[in-house]
Protein chains: 2
Amino acid sequence: MSQQDKMIEELFHNADELTEKQKKIVAAAIDSFAEKGYAATSTSEIAKKAGVAEGTIFRHYKTKKELLMAIVAPTMAKLIAPFVIKDLNKVLNQDFERLEDFLKAFIENRIQFLKSNMPLFRIFIQEIPFQPELREQFKEHIAQKVLERLRQIVEHYQAKGQIIEMPPDTVIRVAASTIFGYIIARYLLSPEEKWDDNAEIERTIQFLMNGLSPEK
Amino acid sequence: MSQQDKMIEELFHNADELTEKQKKIVAAAIDSFAEKGYAATSTSEIAKKAGVAEGTIFRHYKTKKELLMAIVAPTMAKLIAPFVIKDLNKVLNQDFERLEDFLKAFIENRIQFLKSNMPLFRIFIQEIPFQPELREQFKEHIAQKVLERLRQIVEHYQAKGQIIEMPPDTVIRVAASTIFGYIIARYLLSPEEKWDDNAEIERTIQFLMNGLSPEK
DNA sequence: TTTTAAAATGAGTGATTACTCACTTTTATT
DNA sequence: AATAAAAGTGAGTAATCACTCATTTTAAAA
């Protein structure tokens, strides 16, 4: 079983309940959706790649869209998982006195996750403009829970004088842009280029720290 | 008339050679492609929306993909137009002594352009992962000409001590992330939200300046 | 007014689409 | 071993797809 297959299995926590053929269908769908897009991928193509009959797909997923949702929804949940832990502020107080330490730990953790789930991340950002249901789920979870958490974190470090006085939403926006900008450039735009990842992450954090630290 | 304006007018010029029906086809296609995506839009739908027969589309565009390219290619050219002007460094020396002034003028100019062409920008970023021909064109023009220009600009301001010593490509990446991050958040993710655009652009530039300025 | 070429049409093409269903095979329960 | 339920199958379906082409309409030159 490949690393990717393991990852996929881990991601779908109810993977035990999936049959062998179902796992193959999911893997094939992820592959094709990421490569050609959801709309341009046919169910016959997925069936062929998975080595199953086309009818088998519709035994487990009523529609093609239901298959998409079954794939993307758990990924979204995992992506935002670190924000949903209960006592985030306690963790912050104990382990991350300095903003830089928090940023470093956080960025490296999330990059590691996305690196292992790049096809799923790709599908997610590609399909979110076209799937109202997906957008609904995203807004409900991200906008309400994650943004709220992030605001707390920003205000936490602002109170400690480590982040410039600026509306928390703006701080979140520029920080998120910088981080996702790195991930997208590194793994989607120019994955074939030579990257000194450690140095590049270091510089990205340096830029973020400079940009966010109060002026002297 | 500036060199830039000339460039833009030149790109608009062939619009006169389009038939009335052809213009309606292009408008309908932009509308549908932006809303549902290229693959999920049928030619019959475009014809219906444009009020023409389906055959009329194929009289002017051999294939559906050719219609897409005819729409997106000029947009790409217009987007990068400011970078292609010949004596950019002269302009810089004369008008933009300070990086902040350059950033402000540049960002506001490009935001204005994208604001007026949001559906086209949307189609562009949505389809570039799936259209090798589009990606080819993009890389050929952006990677070679625009990146080269941007490196010159970065090095120009680094030599003047206004940008931190850092690989130019990294500077370009974090700056582009910040700027596109604002545009995407403002016009694609949350266009319905209340935005104090002037203040938000001001803060974005402030963050950029802080992040890029040499440490003291 | 006549001529001519480009523009526009829409019924028709074979291929492909998402999905169904009667049926067979596998697995679990007794 | 018998039975039932679940999993898997693949030929078949109507609808839709991108695209063609013989024909008609439009418009400008001669």
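All chains are named by letter (A, B, ...) in the order of the sequence lines, taking the proteins before the strands, and each is independently numbered beginning at 1.
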How long is the line joining NZ of Lys62(B) and P of dC19(D), in whole Å? 12 Å

Which pairs, with at least one residue in residues 49-64 of chain B and sequence neighbours excluded, count as a salt bridge (Lys or Arg N to Asp or Glu O under 4.0 Å)? Asp31(B)-Lys49(B)

Is any side-chain nitrogen or oxygen of His60(B) closer than 4.0 Å to OP1 or OP2 of dA8(C)? yes

Given atom CD of Glu20(B) and atom C1' of dA7(C), what is their separation to the nearest angstrom? 13 Å

What residues form a salt bridge (charged side-chain N to carboxylate O under 4.0 Å, His left out) with Glu127(A), not counting sequence neighbours? none

Check nucleotides 9-11 of chain C against the protein and report each pair of N or O atoms closer than 3.5 Å, with its distance, or say if there are none.
from   : atom 1 : to       : atom 2 : distance (Å)
dT9(C) : OP1    : Lys21(B) : NZ     : 2.9
dT9(C) : OP2    : Ala53(B) : N      : 3.0
dT9(C) : OP2    : Thr56(B) : OG1    : 2.5

Surrounding NZ of Lys104(B) (heavy atoms of other residues, nucleotides or ligands, distance under 6.0 Å), is the total greater than 12? no

Table of protein N/O atoms under 3.5 Å from nucleotides 13-16 of chain D N/O atoms:
none

Taking side chain to side chain contact (heavy atoms under 4.5 Å, CB included) as the definition, give me every residue that meets it alongside Glu193(B), ordered by chain and number, with sequence neighbours left out. Ser190(B), Trp195(B)

Taking CG in Asn198(B) as the centre, count heavy atoms belonging to other residues, nucleotides or ligands within less than 6.0 Å. Is the count above 12? no

Taking all non-hydrogen atoms of both residues into account, name the closest pair between Phe33(A) and Ile123(A) and its distance. CB-CD1, 3.5 Å

Check the distance between dA8(C)'s P and Lys23(B)'s NZ and give it to me in whole angstrom. 12 Å

Measure the distance from OH on Tyr38(A) to C1' on dA18(C) and round it to the nearest whole Å. 9 Å

Nearest-Å distance, NZ (Lys64(A)) to P (dT16(C))? 15 Å

According to the interplanar angle, ranging from 0 to 90°, do the rings of Phe96(B) and Phe102(B) count as parallel (below 30°), tilted (30 to 60°) or perpendicular (above 60°)? perpendicular

Distance, rounded to the nearest Å, where Lys48(A) contributes NZ and dT9(D) contributes P: 16 Å

Nearest-Å distance, CD (Glu66(A)) to P (dA18(C))? 15 Å

Atom-pair distance (CD on Glu45(A); C1' on dT17(C)), nearest Å: 12 Å

By salt bridge (charged side-chain N to carboxylate O under 4.0 Å, His left out), Glu148(B) pairs with (sequence neighbours left out) none

Flag if over 12 foreign heavy atoms under 6.0 Å of CD, Glu108(A): yes

Establish, with yes or no, whether the OP1 or OP2 oxygen of dG8(D) is under 4.0 angstrom from a side-chain nitrogen or oxygen of Thr19(A). yes

